[in-house]
Amino acid sequence: MTRPAAREVAVRLCFSADLAGDSVDAVIGDFFEPEHYATMGTEDTLFTEAPSENDMEYIRHLVGLVAEHRAELDETVARYARGWTLSRISRISLAILRCAICEILYLDDVPTGTAINEAVEIAKRYEEPETARFINGILGSYVREELEAK
């Protein structure tokens, strides 16, 4: 599995945890049950290759960080989604934004540009083109105002 695929799996897990209101551990445990994962592979090519141990470590780490810092991540999204409330942003877009901001803030091995580009690519897969531009705008504003200003 490639890092972009692992990132997309992490986004899907964050979305699932948010939707179900379940703990991260429960969602990850259920998601990677061999039978469930095999079924997913028949529905989406993202799941045709099982994650390696390194992939699983990255996925668990990112999803865990998103859960741990959710309030802070949501505050950041709300600050830069000018004119939008969090309730107006789709859950998948919110999961994408949370993961990208989390990677930028807490994962030193992920370059900022990569986190943004991958977030936009994932958004293109699940959302309309305008939404991908919206996500790019939020992340770009965040980086310019928070990171480049320092």
Side-chain angles (χ1 to χ4, degrees), residues 1-81 84-140 142-143:
M1 176 175 281
T2 63
R3 176 58 73 93
R7 182 177 287 108
E8 187 172 343
V9 169
V11 166
R12 298 267 299 255
L13 287 166
C14 289
F15 169 81
S16 295
D18 185 43
L19 189 64
D22 288 341
S23 73
V24 169
D25 291 334
V27 170
I28 289 174
D30 292 344
F31 194 84
F32 290 104
E33 284 289 320
E35 228 175 83
H36 179 260
Y37 199 81
T39 301
M40 295 289 290
T42 63
E43 297 171 8
D44 189 333
T45 57
L46 175 64
F47 305 106
T48 54
E49 183 181 342
S52 69
E53 279 303 312
N54 284 342
D55 297 331
M56 282 303 299
E57 183 179 321
Y58 166 79
I59 291 166
R60 281 190 189 101
H61 187 61
L62 179 56
V63 173
L65 283 170
V66 169
E68 180 182 342
H69 297 282
R70 182 177 167 163
E72 173 191 0
L73 298 169
D74 285 355
E75 180 184 306
T76 301
V77 171
R79 192 170 348 130
Y80 289 97
W84 287 71
T85 60
L86 289 181
S87 62
R88 280 188 65 201
I89 300 172
S90 74
R91 286 186 169 163
I92 192 68
S93 290
L94 206 47
I96 293 166
L97 286 162
R98 287 172 179 152
C99 286
I101 294 168
C102 195
E103 283 186 310
I104 292 166
L105 285 173
Y106 301 111
L107 298 181
D108 294 333
D109 66 331
V110 178
T112 298
T114 300
I116 293 171
N117 290 338
E118 292 295 328
V120 170
E121 289 306 311
I122 293 169
K124 288 177 182 177
R125 185 166 150 95
Y126 295 97
E127 296 282 14
E128 298 295 320
E130 309 83 50
T131 306
R133 287 191 294 275
F134 175 71
I135 287 170
N136 188 49
I138 290 172
L139 295 173
Y142 167 72
V143 168

Trainee: How close do V11 and I122 get, heavy atom to heavy atom, and via which atoms?
Mentor: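 Between these two residues, the closest heavy atoms are CG2-CD1, 4.1 Å.
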
Trainee: Provide the closest heavy-atom pair for I96 versus A119 in the form atom of the first, atom of the second, distance.
Mentor: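 Closest heavy-atom pair between I96 and A119: CG2-O, 3.5 Å.
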
Trainee: Any chance CD of E53 has more than 12 other-residue heavy atoms, nucleotides or ligands included, within less than 6.0 Å?
Mentor: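 No, CD of E53 has 12 or fewer neighbouring heavy atoms, counting only those of other groups under 6.0 Å.
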
Trainee: Is the shortest side-chain heavy-atom distance between V110 and R3 below 4.5 Å?
Mentor: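 In contact.
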
Trainee: Looking at every heavy atom in both A115 and I104, which two are closest together, and how far apart are they?
Mentor: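 What the structure gives for the nearest pair is CB-CG1, 3.8 Å.
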
Trainee: Apply the test side chain to side chain contact (heavy atoms under 4.5 Å, CB included) to residues L107 and H61: give CA-CA distance (whole Å), side-chain angles for both, the deciding distance (0.1 Å), then the verdict.
Mentor: CA-CA 9 Å; L107 298 181; H61 187 61; 3.3 Å; yes

Trainee: How long is the gap from CD on E103 to CD on E118, to the nearest 0.5 Å?
Mentor: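 The CD atom of E118 is 8.0 Å from CD of E103, to the nearest 0.5 Å.
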
Trainee: Could you work out, with side chain to side chain contact (heavy atoms under 4.5 Å, CB included) as the rule, every residue matching S16, not counting sequence neighbours?
Mentor: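 V27.
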
Trainee: What is the distance from atom CD1 of I101 to atom OG1 of T112, rounded to the nearest 0.5 Å?
Mentor: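 One gets 11.5 Å once the value is rounded to the nearest 0.5 Å.
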
Trainee: Looking at CG of L13 and CD1 of I59, how far apart are the two atoms once the value is rounded to the nearest 0.5 Å?
Mentor: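 Reported value, rounded in 0.5 Å steps: 7.0 Å.
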
Trainee: How long is the straight-line distance from CD of E75 back to CG of L86, given to the nearest 0.5 Å?
Mentor: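 Rounded to the nearest 0.5 Å, the CG-CD separation comes out at 10.0 Å.
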
Trainee: Any salt bridge (Lys or Arg N to Asp or Glu O under 4.0 Å) pairs touching residues 8-21, not counting sequence neighbours?
Mentor: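 Every pair satisfying salt bridge (Lys or Arg N to Asp or Glu O under 4.0 Å) with a residue in residues 8-21: E8-R125, R12-D44, D18-R70, D18-R91, D18-R98.
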
Trainee: Show the nearest heavy-atom pair for residues L73 and C102, with the distance to one decimal.
Mentor: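 Looks like CD2-N, 3.8 Å.
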
Trainee: List the steps, then state whether side chain to side chain contact (heavy atoms under 4.5 Å, CB included) holds for I116 with Y142.
Mentor: CA-CA 11 Å; I116 293 171; Y142 167 72; over 6 Å; no

Trainee: Between C99 and C14, what is the shortest heavy-atom contact and its length?
Mentor: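 Closest heavy-atom pair between C99 and C14: SG-SG, 3.7 Å.
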
Trainee: How far does CD of E72 sit from CG of L65, to the nearest 0.5 angstrom?
Mentor: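 That separation rounds to 10.5 Å.
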
Trainee: Measure the CZ-OH distance between F15 and Y126 for me, rounded to the nearest 0.5 Å.
Mentor: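 Output value for this atom pair is 9.5 Å.
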
Trainee: Which residue pairs satisfy the salt bridge (Lys or Arg N to Asp or Glu O under 4.0 Å) criterion with at least one member in residues 54-63, sequence neighbours excluded?
Mentor: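 Sorted result for residues 54-63: empty, none.
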
Trainee: Report, one line per pair, each donor and acceptor closer than 3.5 Å where one atom sits in a side chain of residues 29-40; sequence neighbours left out.
Mentor:
| unit_1 | atom_1 | unit_2 | atom_2 | d |
| --- | --- | --- | --- | --- |
| H36 | ND1 | F31 | O | 3.0 |
| Y37 | OH | E49 | O | 3.2 |
| T39 | OG1 | E35 | O | 3.0 |

Trainee: Mind checking what makes side chain to side chain contact (heavy atoms under 4.5 Å, CB included) contact with S90, not counting sequence neighbours?
Mentor: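 I92, S93, E127.
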
Trainee: Within a strict 4.5 Å, meaning less than it, do heavy atoms of the Y106 and L62 side chains meet?
Mentor: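 Of all side-chain heavy-atom pairs linking L62 with Y106, none is under 4.5 Å.
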
Trainee: What residues, two or more places apart in sequence or in another chain, satisfy ring pair (Phe, Tyr, Trp, His ring centres under 6.0 Å) together with Y58?
Mentor: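 Partners of Y58 by the ring pair (Phe, Tyr, Trp, His ring centres under 6.0 Å) criterion come out as none, since no residue qualifies.
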
Trainee: Might you point out which heavy atoms bring I135 and A123 nearest each other, and give the distance in Å?
Mentor: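 Smallest interatomic distance, heavy atoms only, reads CD1-CB, 3.6 Å.
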
